[in-house]
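Presented below is the structure to which this report refers.
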Amino acid sequence: MEGMREKILTFIEKNSRIDLKELAIVLGVDEVTVANELEQMEAENIICGYHTLIDWDKTGIEKVTALIEVRVTPQRGMGFDKVAERIYNYPEVNSVYLISGSFDFMVTIEGKTLREVSQFVSDKLSPLESVLSTKTNFILKKYKDHGTVMAEQKKDERELMTP
Amino acid sequence: MRNPLSETIVGIEPSGIRKFFDIVSEMKDAISLGVGEPDFDTPWHIRDEGIYSLEKGRTFYTSNAGLKELKVEISKYLYRKYNLEYDYNHEIVVTVGGSEAIDIAMRAMLDPGDEVLIPQPSYVSYLPCTVLANGKPVIIELKAEDEFRLTKEEVEAAITPKTKILVLPFPNNPTGAVMRKKDLEAIAEVVEKHDLFVISDEIYSELTYGDESHTSFASLPGMKDRTITINGFSKSHAMTGWRLGYACGPRLILDQMLKIHQFAIMCAPTTSQYAAVDALKNGDEDVAMMREQYDGRRRYVLHRFEEMGLPCFEPLGAFYTFPCIKEFGMTSDEFANALLKDQKVAVVPGTAFGACGEGFLRISYAYSLESLKTALDRIENFVIKLRKQDK
Ligand SMILES: Cc1ncc(COP(=O)(O)O)c(C=O)c1O
C-alpha cells in the first residue's frame, strides 16, 4: 500500500480539488480504497491540510511576507523544539523551519504592511529570551511557489490538430 | 508553360487531418482533442543542454549519421530497454524525426512496383512515402474485434510475389493498439517464410500501459537482419519540435539510407542532438512520470466512454483512444464536423488514418485532466442529444 499512498499524495499535492471518484479512476483503484487511505493519512497527520495557492499581488489586497533568519541559544532543558514552539504559536507566523548553516530558524511572517511585520519582529520575536539575533528579508516578488510559476498562466501553444 | 508538377506528387492525397484542421482553425474558441503530440514541455534539463550547446558555440554540422556520443547513447538505450544490439558505428542513423527515417527506409529498399504492406488505421505517412519511393502500397485493414492487432493470417492473405516490406505500426497511432510478444512472434514466422523486410515504427515504445512491456520486433530471433527499427524523441521525451529521431538496422540497408540522408538532409539538427544525449542519459524519470500521467488520463477517458456508452476497446499504447460511433449512423467525418459545430470540440475522424477508420474517432489524451474533463462533458452532451433525436 506504500506505493498507493505515494501515488495519492503525489497527485493531490498538485491538485487537491479532484473528487474522490475521479482520483480513484485515474489511479486505477476503487473509490473505497482511496477514501480509506485519505482518511488514514489525515488521521496520521501525513495530510496536514488542503490549501489554495494564491497570488495576492494580483488582487490589489496589501500583503507582505518576510523571511526571517533567526539565531537562538537553546535554553537549558529546552531544545530547539521548545524555542520553535514559542515562535510558531504566534498566528502571524506562517512557517518555521529548523535550518542547517549559519543560523537556526527560517521563519516566514505575513502581515499587511512592512511596518506591521517589522513591528512584530521587534516587539515579539527579538525579545524572546532565547533569540540572539534576527535578520529580516522582505519578499519583493514571488516568481514561483509550490512548484508553480506565478507570473504567467501556461497556454497550450500546440497546433489544434496534428497527425 | 509546361506542367511544372510531377504526376506522382499530384496523385498523392493531401492529409485528411489537414482538411479538417482548416475547418477547426476557423472556429473560434474550439477546444481540441486532436493533437498527436505530448502536452508536456520538454524536461528542463534537456532544454538546458540544448541551450548550453548553443552557448558553447556548437553550431556546426555533425557527421552525417549523427554525433558519435548520441549514437552510443542510443545503442546503450536500445540494449537496456529492448535488448536490441546495434553497433553505433554502422547500424544507427540519427534523423530529422521518425518521419525522415520512414521516408529514407522506403527509398533505400524499394524498386518500382515493389509492394509494401501497410496495416491501417495507421500513421499518415507510410502510404505517401511508399508512393514517393515508387513502391505500391497494399493496405491491410485491421479490425476492431482483434483490438486492431495485426494477425499472421492477414499478412499472409496480402502477400504477393512482389511484396517486399511490411510496416509494423505499433504501438499504434491512431488506435492505441499494441502487439504482444506472441503476436509479433507469429508475424516473424511469416516474415521469415516469405523473405520480407520490416519497417517497425516504434516511436511510441515508451508509452505502453499494460502488464507486458514493449517488445521490439528486431529483438526476435532472426529479425534483426530484416528490420529497420524506427524510434525517436518526439513522443517519449516530449520533443516534437526538436525534430529528432533515428533508424537502426543492418548495415547493408543503413549504408544506403545514410546516402539519401547525407544528400537530402546532411545531418539532423546539432542543438537537438546535444539535447538528446542528455535525454537518454538523464531522462528515464521524466519518461516514467509522463507515462504515469498518460496512464491516469487513459483510464479516465475510457471510464467516461463507458459511462456514456461509447464502445471503445482498451488501448494499451501511445496516447490515443479510438471509440466507435457507428450507432449514430453518421460517417466519422460527419460526426466530427457536427461535434465541432454543436459543441466546439475537435477530434480527428478515423478515416484520416485509412478508409477502415470509418465509424471511429481518434481522441487524444495528451491533455491535462481538466481539459479532458471539459471536452468529454461536451462530447457526452452531444451523444445524449443525438440519441434523443433518434427516438
Ligand atoms: C506513428 C508515428 N510515427 C512517426 C511519427 C513521426 O514523429 P517524428 O517525426 O516527430 O519523430 C509520428 C508522429 O505523430 C507517429 O505518430
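Quick note on labels: first sequence line is chain A, next is B, and so on, each numbered from 1.
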| field | Full working for side chain to side chain contact (heavy atoms under 4.5 Å, CB included) between B:His303 and A:Lys21 | value | CA-CA 11 Å; B:His303 179 85; A:Lys21 183 178 158 213; 3.8 Å; yes
| Residue pair A:Ile18, B:Leu369: steps toward the side chain to side chain contact (heavy atoms under 4.5 Å, CB included) verdict | CA-CA 10 Å; A:Ile18 189 168; B:Leu369 209 54; 3.9 Å; yes
| request: Begin from the C-alpha positions of B:Val35 and A:Met161 and carry the test side chain to side chain contact (heavy atoms under 4.5 Å, CB included) through to its verdict. | output: CA-CA 5 Å; B:Val35 303; A:Met161 295 210 121; over 6 Å; no
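Per-residue heavy-atom pair counts under 4.5 Å with chain A were compared for B:Ala30, B:Ser15, B:Pro174, B:Ser32, and the maximum is reached by B:Ser32. No other option in A:Arg158, A:Glu22, A:Lys7, A:Glu157 has as many heavy-atom pairs under 4.5 Å with chain B as A:Arg158. Counting heavy-atom pairs under 4.5 Å between each of B:Gly16, B:Ala352, B:Gly36 and chain A puts B:Gly36 at the top. Counting heavy-atom pairs closer than 4.5 Å to chain A, the top residue among B:Arg299, B:Glu37, B:Arg18 is B:Arg299.
Residue B:Arg243 places its CZ atom among more than 12 non-hydrogen atoms of other residues, nucleotides or ligands, all under 6.0 Å distant. The 12-atom threshold is exceeded at CD of A:Glu116, counting heavy atoms of other residues, nucleotides or ligands nearer than 6.0 Å. Residue A:Glu39 qualifies as open at atom CD: its count of foreign heavy atoms under 6.0 Å is 12 or below. More than 12 heavy-atom neighbours from other residues, nucleotides or ligands sit within 6.0 angstrom of OH on A:Tyr50. Other residues, nucleotides and ligands contribute at most 12 non-hydrogen atoms within 6.0 Å of the CD atom of B:Glu285. Residue B:Glu13 qualifies as open at atom CD: its count of foreign heavy atoms under 6.0 Å is 12 or below. Taking a 6.0 Å sphere around NZ of B:Lys373, one finds it holds 12 or fewer heavy atoms contributed by other residues, nucleotides or ligands. Heavy atoms from other residues, nucleotides or ligands lying under 6.0 Å from CZ of A:Phe138 number more than 12.
Salt bridge B:Glu370/A:Lys14: absent, no basic N to carboxylate O contact under 4.0 Å.
Within the 4.5 angstrom heavy-atom criterion, only side-chain atoms of B:Val124, from C-beta onward, approach chain A. Looking at B:Tyr320, only its side chain comes within 4.5 Å of chain A, counting heavy atoms on both sides. Within the 4.5 angstrom heavy-atom criterion, only backbone atoms of B:Val347 (N, CA, C, O) approach chain A. For chain B, the nearby part of A:Leu27 is the backbone; its heavy atoms alone come within less than 4.5 Å. B:Asp39 touches chain A through backbone and side chain together, each having a heavy atom under 4.5 Å away. With a 4.5 angstrom heavy-atom cutoff, B:Tyr123 touches chain A only via side-chain atoms.
Residue A:Ile25 holds its CD1 atom at 6.0 Å from CD of B:Glu307, rounded to the nearest 0.5 Å. If you take CG on A:Leu160 and CG on B:Leu340, they are separated by 9.5 Å, rounding to the nearest 0.5 Å. Here CG of A:Asp156 is found 11.0 Å from CD1 of B:Ile31. Values are rounded to the nearest 0.5 Å. We find the CZ-CD distance between A:Phe11 and B:Gln293 to be 7.5 Å, quoted to the nearest 0.5 Å.
Counting only heavy atoms from C-beta outward, the side chains of A:Thr162 and B:Phe21 never approach each other to under 4.5 Å.
Shown here for A:Pro163 and B:Arg362, the closest heavy-atom pair between the two residues is O-NH1, 2.7 Å.
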